[in-house]
Amino acid sequence: MTAVGIDAVEIWTGKLKLDLPGTFAPEKGDDPEKYTKGLGLNNSSFPDAYEDIVTMGANAAHRLMERKGLSPDDIGRIDVATESAFDNSKPVSTYVAGCLEQVYDGDFHHANKGERKFACIAGTQSLDDAYNWIKAGRNRGRGALVIATDTALYARGDAGEATQGAGAVAMYVTEDPDLVELSTHQGYGSADETDFLKPNQQFPSVDGKRSIQVYLARMREALEDFESVAGASHPDQYEYIPFHTPFPGMVRKAAVLGYRHMIRGTPIEEELAAEIGELPRPEGFAEDEDYQEAIREYMDALSDTDAYREWYAEAIEPTLSVSREVGNWYTGSVHLARLSALRDAAEKGTDMAGKKLLVGSYGSGAQAEIHAETVADEWDEEIEAIDVESQLDRRYDLSFEEYEEVHDRHNHEKQTELEPFTTPDGEFVFDGWGRMNERK
Ligand code: CAA
């Protein structure tokens, strides 16, 4: 059976940044440690005046095509995953193709184009679509371009304002991939939920605290469904576990639940029981307050054990490094977590070929998917070729007043004029709603 998976990845961050503890927290009257320690964020990325989801997606895709020496003929499918689309008819992939056709000989007339929407999980769903298309033998030797692009903005004053971000991840999905191989080992947890919605509105109506509980509930279901296909998971089975990361503090909560689930019936469970006691069992309803409090105490104690800390430091912490610096990229976020993990492995010189990743994707509304990936032989060359640091470093550092101007510029109802803070450098730029984006 031919391996199918992600052959190459490139990212494009919005070219502005907001320092959360240094600039945002003082204006909001917050303790900076709420951001650095509580939410786990240092900075958020924002799009400059001439950037939007199309330009960020097209720029990430162009960078990927250039590095891999691809032409439009190599691409049989372009899927854009986004929850920030501005057009209810044309998919964002048509705009992206329009940009790319300006710089390549040939066109994408042969390519099937679409747009996937299911909040942040749509990037992973597009990967699944690409995998199925290739496995079905319909790709005629071509690969699929999957682009996850979002501007994650919340209304000013909403609690979610602390967790904003903007950027795109472009992935090329092929046979015999260089980065990771996907498989049929996947599981879902899905339910009709109303904690995070955008019914015909740009900024979400969100019940933040409930959204955290829904994330955890769907992720737990997805893990159980995954295990019904792949067998019981063990913490040591996976080198890294990249999760959807709306903010790193969310992953801290998901990780301890995942770990507790994975140690069931293992010697680790017995050893920890001697140290922190047994997992409390509900005597009445699981919603009972005393039981919930007992569970919270147990989970706190578990996350304080050496066994857990060691596992977290190796399998989870390294997945958060890019997210800490860019905030929430919605559809791109879990793919940044995978990239962060593999960058960590490359820095440490770990031989990852053949090793496994467990990837936890999530979209509000709500659905979680857990799937396993196997790292491909050429992963390290691919990771070393991706430029992340210089993209992060060259962002313009916004003052609070400038941040508010940028927020207004990208507010679809305001769309205020704004002088850019940076200069385009051989990239696609946004030139007004509905008009063709140009390369400058
Ligand atoms: N030092 C250390 N920690 C501090 C602190 C300090 N001085 N002050 C606060 N904290 C901690 C808090 O204890 C809390 O951590 P715990 O949850 O572990 O207790 C954390 O910092 C955040 O503090 P608050 O809960 O007081 O923050 P908040 O009321 O401003 O709301 C939020 C936080 C609910 C995440 C809000 O930012 C929000 O609504 N975000 C958008 C929704 C979201 O991201 N939900 C995630 C799940 S949904 C999803 O994943 C899809 C998606 O991409 C949106």
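Numbering of ligands and ligand atoms starts at 1, following listing order.
You'll find the side chain of T55 stays beyond 4.5 Å of the side chain of C99, heavy atoms only. Between K356 and E239 the shortest side-chain heavy-atom distance does not fall below 4.5 Å. Annotation: side chain of T23 is in contact with side chain of F400 (closest heavy-atom distance under 4.5 Å).
The protein heavy-atom contact nearest to atom 17 (O) of ligand 1 is K253 NZ, 2.6 Å. Nearest protein heavy-atom contact of atom 45 (N) of ligand 1 is S211 OG, 2.8 Å. Shortest contact from atom 24 (P) of ligand 1 to any protein heavy atom: K209 NZ, 3.5 Å. Atom 36 (C) of ligand 1 has its closest protein heavy atom at A159 O, 3.6 Å. At the shortest separation from atom 6 (C) of ligand 1 among protein heavy atoms lies K34 N, 3.6 Å. For atom 7 (N) of ligand 1, the closest heavy atom belonging to the protein is D31 OD2, 2.9 Å. Nearest protein heavy-atom neighbour of atom 2 (C) of ligand 1: E33 O, 3.5 Å. Annotation: atom 39 (O) of ligand 1 to nearest protein heavy atom, G208 CA, 3.3 Å.
Taking every non-hydrogen atom of S364 and a distance limit under 4.0 Å, the qualifying atoms of ligand 1 come out as 48 (S), 49 (C), 51 (C). The distance from ligand 1 to the heavy atoms of F247 drops below 4.0 Å at these ligand atoms: 35 (C), 44 (O), 46 (C). Near H244, with a cut-off below 4.0 Å to any heavy atom, the atoms of ligand 1 are 49 (C), 50 (O), 51 (C), 52 (C), 53 (O). The contact set between ligand 1 and Y215, taken as ligand atoms under 4.0 Å from a residue heavy atom, comprises 50 (O). The ligand atoms of ligand 1 that sit less than 4.0 angstrom from a heavy atom of T163 are 37 (O), 40 (N), 41 (C).
A donor atom on one side chain and an acceptor atom on the other are found under 3.5 Å apart for T422 and Y50.
In this structure, atom 21 (O) of ligand 1 has protein heavy atoms in its sub-4.0 angstrom surroundings. For atom 11 (C) of ligand 1, the protein comes within 4.0 Å by at least one heavy atom. Under the 4.0 angstrom criterion, atom 14 (C) of ligand 1 counts as lacking any protein heavy-atom contact.
Atom CG of D393 is surrounded by more than 12 heavy atoms from other residues, nucleotides or ligands within 6.0 Å.
When heavy-atom distances to ligand 1 are checked against a 4.0 Å cut-off, C120 comes that close only through its side chain, counted from C-beta outward. With a 4.0 Å cut-off on non-hydrogen atoms, E161 does not touch ligand 1 at all. Of the heavy atoms in D195, none comes closer than 4.0 Å to ligand 1.
Look at E373 and K355 and you find no salt bridge, because none of the NZ, NE, NH1 or NH2 atoms lies under 4.0 Å from a carboxylate O.
A donor-acceptor pair under 3.5 Å links the side-chain atoms of Q391 to the main chain of D387, judged by distance alone. Counting only distance, with no hydrogens or angles, the side chain of D150 and the backbone of T331 share a donor-acceptor pair below 3.5 Å.
Within the structure, salt bridge (Lys or Arg N to Asp or Glu O under 4.0 Å) pairs that include any residue of residues 394-403 do not occur (at least two apart or interchain).
The shortest N or O to N or O distance between N328 and ligand 1 is below 3.5 Å.
Between F196 and Y154, the two ring planes are perpendicular [angle over 60°; tilted spans 30° to 60°]. By the 30° and 60° cut-offs, the orientation of the rings of Y308 relative to Y259 is perpendicular. Ring geometry, H185 versus F226: the interplanar angle exceeds 60°, so the pair is classed perpendicular (tilted spans 30 to 60°).
A side chain to side chain contact (heavy atoms under 4.5 Å, CB included) with K113 is found for exactly one of T94, D79, V80, namely T94.
When W329, Y362, Y154 are ranked by how near their heavy atoms come to atom 54 (C) of ligand 1, first place goes to Y154.
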